[in-house]
Amino acid sequence: MKRAKTIIMLALAFIIAMPANLSAQKKGKKEAKDERVYQITDEVVVPHTSVKNQAQSGTCWCFAGIGMVEAEILRKYNVDIDLSEMYLVRWAYTQKFEKFVRMQGTCNFSPGGEVFDVLYAIENQGMMTEDAYNGLVLGEDRHQHGELHSVLAEYGKIVNRKLNGKISKAWDDMVQSILDVYLGKTPESFEYEGVKYDAKSFANKYPININDYVQIGAFTFKPNYEPYIMPIQDNWTNTLTYNMTLDELMNELDNALNNGYTVGWAQDVSDKGFSRNAGVGVVLENDVEKIRQSDPKKYKDMSDDEILEGLYKFESIMPEKDIDDAMHQEAYDNGQTTDDHSMLIVGIAHDQNGNKYYKVKNSWSPKNGFDGYWYCSEPFVRLHTMFFTLNKEALSDDMKAKLNF
């Protein structure tokens, strides 16, 4: 009887312990799954607001721009606020449609834009909180703009066909009706912390002066320290960019981040070095001899083919190219670098080998990358930057003098 009792007690102990053991095993598997090749340590992180999700909408420019404005409000007024992207997207669609009609369909009509467009929108239309206007009225819990854009684009073609013998004056009302259906009607007023505002009065509560901001780039086909209009489709506002050398551009980026300013970033993420799984952006060296020289012991027993096959598998940290002004210009000229995405640079970091990265707030939800952030290497930023948008105060004194600010 005593032996039977002992067996029963041991069995009970085993059963009780089983969930804990399973839990530990699951935890171990999760920790193993969370292990990354790139072990990134933040050095500088500028205060900013949380990662959002643009979902199925071509509005990265607005999410990046709103992120910069929210960070500026946090810096200037010590207020952490969640602003409406879709309120400003709506304004942009209205302006783009009018331009499309005025130019008789000969200009680009797309959901894309630039970070600076957010500043234009706030100056002209004011701003609202996300709670006041989230643009979700069709029963969806995330933005789905495929149909919205298709309807507007097709209607633009209809207007320009002049089916009544001339352009109808009804187009603006029709555009507003389409936007009402897909994004919702804009409220005339809303409450924030118990006080009623409209969009203009709310913008006046936390003033953001468009004249305090500037776009800067680094291309050799334009003279340095002079403004020019970057010839890209999404620059529909023809905003000026101020040119400088690539080294100077990167120095200004560092200066801004080290002094507490976030930086809007127009760049290209179509390159295979921008990994959704690894959460990094890199430009890997493809010269086998240079790769071997970077770590002779590591690559000693590998063939050239084996080394090249390992590129962009993100199974180890591999050496990157050195990017100069000519390579940056060539990447733009051959279409390797476009402005297919906008994000917000919020910090500086390094990996376990001491390589430098920039911490970038993306708008693909916190489920992607490093909890919604990407770490882009210095070579990647040098190669794929179209331009930066930042507060003029963030520029070095030397650059302010060169640009006559």
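In what follows, residues are counted from 1 in the order of the sequence shown.
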Chi angles and distances behind the ring-ring contact (aromatic ring centres under 6.0 Å, His included) call for Y155, F97:
CA-CA 10 Å; Y155 181 60; F97 195 95; 5.7 Å; yes
Of all heavy-atom pairs linking H384 and D271, the shortest is NE2-OD2, 3.2 Å
Aromatic centroids of F202 and Y192 separated by under 6.0 Å
yes
Around atom CG of D322, are there more than 12 heavy atoms from other residues, nucleotides or ligands closer than 6.0 Å?
no
With sequence neighbours left out, what residues match M244 under side-chain contact (heavy atoms from CB on, under 4.5 Å)?
I216, Y225, E248, L249, E252, M399, L403
Name all residues meeting the side-chain hydrogen bond (donor to acceptor under 3.5 Å, both in side chains) criterion together with H341; count only those two or more places apart in sequence or in a different chain, and write none if there are none.
N362
Do the rings of W236 and W91 sit parallel, tilted or perpendicular, given the 30° and 60° boundaries?
tilted
Just to verify, what does N224 make a side-chain contact (heavy atoms from CB on, under 4.5 Å) with, not counting sequence neighbours?
N243, T245
Any donor and acceptor pair, going by atom type alone, linking the side chain of Q56 with main-chain N or O of H143 inside 3.5 Å?
no
Aromatic ring proximity H48/Y373, centre distance under 6.0 Å
yes
Between F274 and W374, is the gap from one ring center to the other below 6.0 Å?
yes
Tell me whether the centres of the aromatic rings in F109 and H149 are closer together than 6.0 Å.
yes
Taking only Lys NZ, Arg NE, NH1 and NH2, and the carboxylate oxygens of Asp or Glu, determine whether R382 and D324 approach each other closer than 4.0 Å.
no
Would you say N368's side chain and R276's backbone share a donor-acceptor pair under 3.5 angstrom?
no
Classify the angle between the aromatic ring planes of Y375 and Y357 as parallel (below 30°), tilted (30 to 60°) or perpendicular (above 60°).
perpendicular
Just by modelled atom types, is the Y120 backbone N or O under 3.5 Å from a matching donor or acceptor in the E123 side chain?
no
Answer yes if the ring centres of Y228 and F219 are under 6.0 angstrom apart, and no otherwise.
no
Axial cation check for F405 ring with K392, 6.0 Å and 45° limits
yes
